[in-house]
Structure formats: structure tokens, C-alpha cells
Amino acid sequence: MTKGIRPRRSILYMPGSNARALEKGRTLPADGLILDLEDAVAPDAKRQGRIEIARALENKAAYGGRELIVRVNGLDTPWGHADLSAMAHTGADVILLPKVEGADTVRRALHVLDLAGAPADLAIWCMIETPRGILRAGEIADTERVECLVMGTSDLTTDLHALHTPSRLPMLTSLEICLLAARAARISILDGVHLNLDDEAGFAEACRQGRELGFDGKTLIHPKQIETANRIFGPSEAEVAWARRIIAAHEEARAAGKGVVVVDGKLIENLHVLEARRVVALAEMIEAAAG
């Protein structure tokens, strides 16, 4: 079971320098918002982006239960240090680091955040989007305060000299290495973006593939992708009903002193009960957020 279970079905990138977009994010049904200072903000707008994000987070309550993540520029850029210092005490839930290639990248960022007075429990997410990052995914996932890996499949495809294909076959090895790293560290992991906004069927298929592989959710580039991601990555009514049956049967068997539980001819073990409880907890959180 991952640390701090919470819905992360849909995590939407939003340009940090666009005040209107940041305000619109308060009404969108995404589980989380990435307030972006990196790719979505031009070099001459980085400072304004910090100002707009800090201003938006002054009214954090207006975002409801949405997880608020700030993606900063890397420390090897002219803006990374200032981004971390400015975002350290804004109230963001998470700092997302781009192009992480090892534990040292995380530790350097934590040092800057600590010097700037960031809360000691401010979470770190890491973009895994380079070949070296893939090869060091286990090291990165195990680093202090890292709570989620985020796949940067667009940059990775370029670095691999690979092609964007409907099956994403060129990505599967990288995706699975990172999944193994995240699950071994008991943290979350998010699938990369789908760039073709007109390809709704392809996006849905990519979501289904990501769910089947084991991802917690998908990063998004447009609000129109939220509903599909929420539906596919969220537990269905049938899955929740089955999970509740497993839990109830296990409780009944334990009360009766029975060591074996069978539901519809299927042997139920402790691992199934743990997964059932995770599914139910997730479903209840989604329902509470919607209601």
C-alpha cells in the first residue's frame, strides 16, 4: 500500500504565469494541479510566474481538496534556486523537480528549501524523463521526502530517439522500471501526458494501458482530458462492490475462527484484503471530494 493514499487520477499542468488559468483551476474536477514554472512559462515570465503562483496559493482554500503541486525549474538553470526559495513557504502541497537523474538532485533541492524555511514535511515529486533518470529510478524513489514519480514521456521519447506510437511500445521498458521503483519504495507514480488533444480514443487507450500497468493516474495538458482520466483510473462501482464483499467475507471468517476465505469460488488471501481496503479507501475519498 502506498504512503498517504489519496486520489491522483488526474493531475493537470497549468501555466504558473497565467492568473486566469490558475483561477479556473479552482473549478476543475482534477485531483491535482501542477502550477508550472518550467516548460509552460517563458524565460522572461519566470519572475511573474512566481508572483502569480504565490498569490493564488494565498487563497489555497478556494482550491478545495485538490492537491497543489508547483513544478520548479532545475537547479542547473538560471531560475531554479529562486523558484525553490520563492515557493518554500507558499503553502504548496508538493514541489515537483524536473529531469531528476539521481538522489543528489533531490538533496540539493531540499537543502535550498530548508534554507528558505520550507516546512520539514514539504513533499517532493520527481520528474523521470531522461535515460539516466530511468536507470536511477530506484535510487530516486528511495530518497528522503520523495512521494511520487512523474513520467516525462515526451522528453524521454526524444532522448531515446524513439517514436510516439499508439501502443507506446518504445516506452514500456522505462515505464515498468519506474513502476517497480515506485512500488518498491511504496510511493505513487503518475503516467506521462498525451499530446494529441484531438485523439480522444488514443488518450482513453493510453489511460487504460497506464491503469493496467499499475499507474495511480495520468498527468494532463488540457481540462478536456480530466473526465476520461478520472473514470479510467478511478475504481469502478463493480470493483468497489467486489472489494467490500472481500472485506466482509474476511471479517466473517475471522470472527468464526476460520483460516480460509472463499468468495465466488475464489480463495481470498491477506494480500487481496489489503488491496480491497485500498480500493474502498480510494473510492470513499473520491466520493467525499465530489460531494
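Model, not experiment: these values are computed from the prediction. Throughout, numbering of the chain's residues begins at 1 and tracks the sequence.
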Problem set entry | Interatomic spacing from CZ in Arg71 to CG in Leu37 - rounded to 0.5 Å | 9.5 Å

Problem set entry | Whether Lys46 side chain and Glu38 backbone form a donor-acceptor pair below 3.5 Å | yes

For this session: Could you list the residues that satisfy side chain to side chain donor-acceptor pair (under 3.5 Å) with Arg26, not counting sequence neighbours?
Result: none

For this session: Kindly say whether Ala19 contributes a backbone atom to a donor-acceptor pair with the side chain of Glu52 at under 3.5 angstrom?
Result: no

For this session: Kindly compute the distance separating OG (Ser154) from NE2 (His164), expressed to the nearest 0.5 Å.
Result: 5.5 Å

Exercise. Going hydrophobic residue to hydrophobic residue with side-chain gaps under 4.5 angstrom, can you get from Val146 over to Ile134?
Worked result: yes

Exercise. Is any side-chain heavy atom of Tyr63 less than 4.5 Å from a side-chain heavy atom of Leu22?
Worked result: yes

For this session: For Ala116, check side-chain contact (heavy atoms from CB on, under 4.5 Å) against everything at least two apart and list the hits.
Result: Ser85, Ala88

Exercise. How would you list, by chain and number, every residue that makes a side chain to side chain donor-acceptor pair (under 3.5 Å) with Glu129, sequence neighbours excluded?
Worked result: none

For this session: Take Glu227 and Arg231, measure what salt bridge (Lys or Arg N to Asp or Glu O under 4.0 Å) needs, and give me the verdict at the end.
Result: CA-CA 6 Å; Glu227 188 279 330; Arg231 173 172 49 82; 3.5 Å; yes

Exercise. Do Arg8 and Leu190 have side-chain heavy atoms sitting under 4.5 Å apart?
Worked result: yes

Seminar exercise, completed: Across all chains, not counting sequence neighbours, the side-chain contact (heavy atoms from CB on, under 4.5 Å) partners of Thr173 are Ile177

Seminar exercise, completed: For Ala204 and Ile232 the tightest heavy-atom approach is O-CD1, 3.5 Å

Exercise. Side chain to side chain donor-acceptor pair (under 3.5 Å) with Asn73: which of Asp83, Asp39, Asp36?
Worked result: Asp83

For this session: Identify whether Met171 and Leu149 are in the same connected component of the hydrophobic contact network (ILVMFWY, side-chain heavy atoms under 4.5 Å).
Result: yes

Problem set entry | Euclidean distance, Arg278 CZ relative to Ile5 CD1, rounded to 0.5 Å | 6.5 Å

Exercise. Once you round to the nearest 0.5 Å, how far does CG of Asp199 lie from CD of Glu205?
Worked result: 10.5 Å

Seminar exercise, completed: When every non-hydrogen atom of Gly234 is compared with those of Arg211, the smallest separation belongs to O-NH1, 3.5 Å

Exercise. Roughly how far apart are Ile124 CD1 and Leu113 CG, rounded to 0.5 Å?
Worked result: 5.5 Å

For this session: Would you indicate whether His111, at its atom NE2, is surrounded by more than 12 heavy atoms from other residues, nucleotides or ligands within a distance under 6.0 Å?
Result: no

Exercise. Any side-chain heavy-atom pair from Tyr13 and Leu33 closer than 4.5 angstrom?
Worked result: no

Exercise. Taking only residues two or more places apart in sequence, or in another chain, which ones meet Phe203 in a ring-ring contact (aromatic ring centres under 6.0 Å, His included)?
Worked result: His194

Exercise. Val279 and Pro235: which non-hydrogen atoms are nearest, and at how many Å?
Worked result: CG1-CB, 3.8 Å

For this session: For Gln209, check side-chain contact (heavy atoms from CB on, under 4.5 Å) against everything at least two apart and list the hits.
Result: Arg168, Leu172, Leu213

Exercise. Leu282 and Ile246: same hydrophobic cluster, using ILVMFWY side-chain contacts below 4.5 Å?
Worked result: no

Problem set entry | Donor-acceptor contact below 3.5 Å, side chain Thr143 vs main chain Glu139 | yes

For this session: Using modelled atom types only, decide if a donor and an acceptor are shared between the side chain of Thr228 and the backbone of Gln225 within a distance under 3.5 Å.
Result: no

Exercise. Just wondering, do Leu96 and Met127 contact through their side chains at under 4.5 Å, heavy atoms?
Worked result: yes

Exercise. Is any side-chain heavy atom of Cys207 less than 4.5 Å from a side-chain heavy atom of Phe215?
Worked result: no

For this session: May I ask you to decide whether Arg244 forms a salt bridge with Glu237, counting only side-chain N to carboxylate O separations under 4.0 Å?
Result: no

Exercise. Taking Arg66 for the side chain and Leu28 for the main chain, is one N or O donor matched with an acceptor at less than 3.5 Å?
Worked result: yes

Exercise. Quick one: do Val100 and Ile11 end up in the same hydrophobic cluster if we chain Ile, Leu, Val, Met, Phe, Trp and Tyr together by side-chain heavy atoms under 4.5 Å apart?
Worked result: no

For this session: Please name all residues satisfying side chain to side chain donor-acceptor pair (under 3.5 Å) with Asn18, sequence neighbours left out, ordered by chain then number.
Result: none

For this session: Heavy atoms only: give me the nearest Ala182-Ser188 pair and the separation to one decimal.
Result: CB-O, 4.0 Å

Problem set entry | By side chain to side chain donor-acceptor pair (under 3.5 Å) - contacts of Glu101 (at least two apart) | Thr130

Problem set entry | Check: Arg277 side chain, Ala281 main-chain N or O, donor-acceptor pair, under 3.5 Å | no

Problem set entry | Shared-cluster residues of Leu271, by chain and number - hydrophobic side chains joined below 4.5 Å | none

Exercise. With Glu252, which residues qualify under side-chain contact (heavy atoms from CB on, under 4.5 Å), at least two apart?
Worked result: none

Exercise. Would one find more than 12 heavy atoms of other residues, nucleotides or ligands at under 6.0 Å from atom NZ of Lys258?
Worked result: no

For this session: Go through the steps to decide whether Arg9 and Asp216 satisfy the test salt bridge (Lys or Arg N to Asp or Glu O under 4.0 Å), and finish with yes or no.
Result: CA-CA 6 Å; Arg9 303 164 296 169; Asp216 295 296; over 6 Å; no

Exercise. Does the side chain of Ile128 come within less than 4.5 Å of Ile140's, by heavy atoms?
Worked result: yes

For this session: List for me each residue that meets salt bridge (Lys or Arg N to Asp or Glu O under 4.0 Å) alongside Asp44, sequence neighbours excluded, and say none if there are none.
Result: none

Exercise. Under 3.5 Å, side chain of Asn196 to main-chain N/O of Asp198, donor-acceptor pair present?
Worked result: yes

Exercise. Sequence neighbours excluded, which residues qualify as salt bridge (Lys or Arg N to Asp or Glu O under 4.0 Å) partners of Arg254?
Worked result: Glu251

Problem set entry | Polar side-chain atom of Lys218 near backbone of Gly210 as donor-acceptor pair, under 3.5 Å | no

Exercise. Counting distance only, does the side-chain N/O of His250 pair as donor-acceptor with the main-chain N or O of Ile247 below 3.5 Å?
Worked result: no

Seminar exercise, completed: In this structure, CD1 of Ile95 is separated from CD1 of Ile69 (nearest 0.5 Å) by 10.0 Å

Problem set entry | Side chain proximity check, Val261 to Leu267, heavy atoms < 4.5 angstrom | no

Exercise. Does Thr219 use its side chain to pair, donor to acceptor, with the backbone of Asp191 at less than 3.5 Å?
Worked result: yes

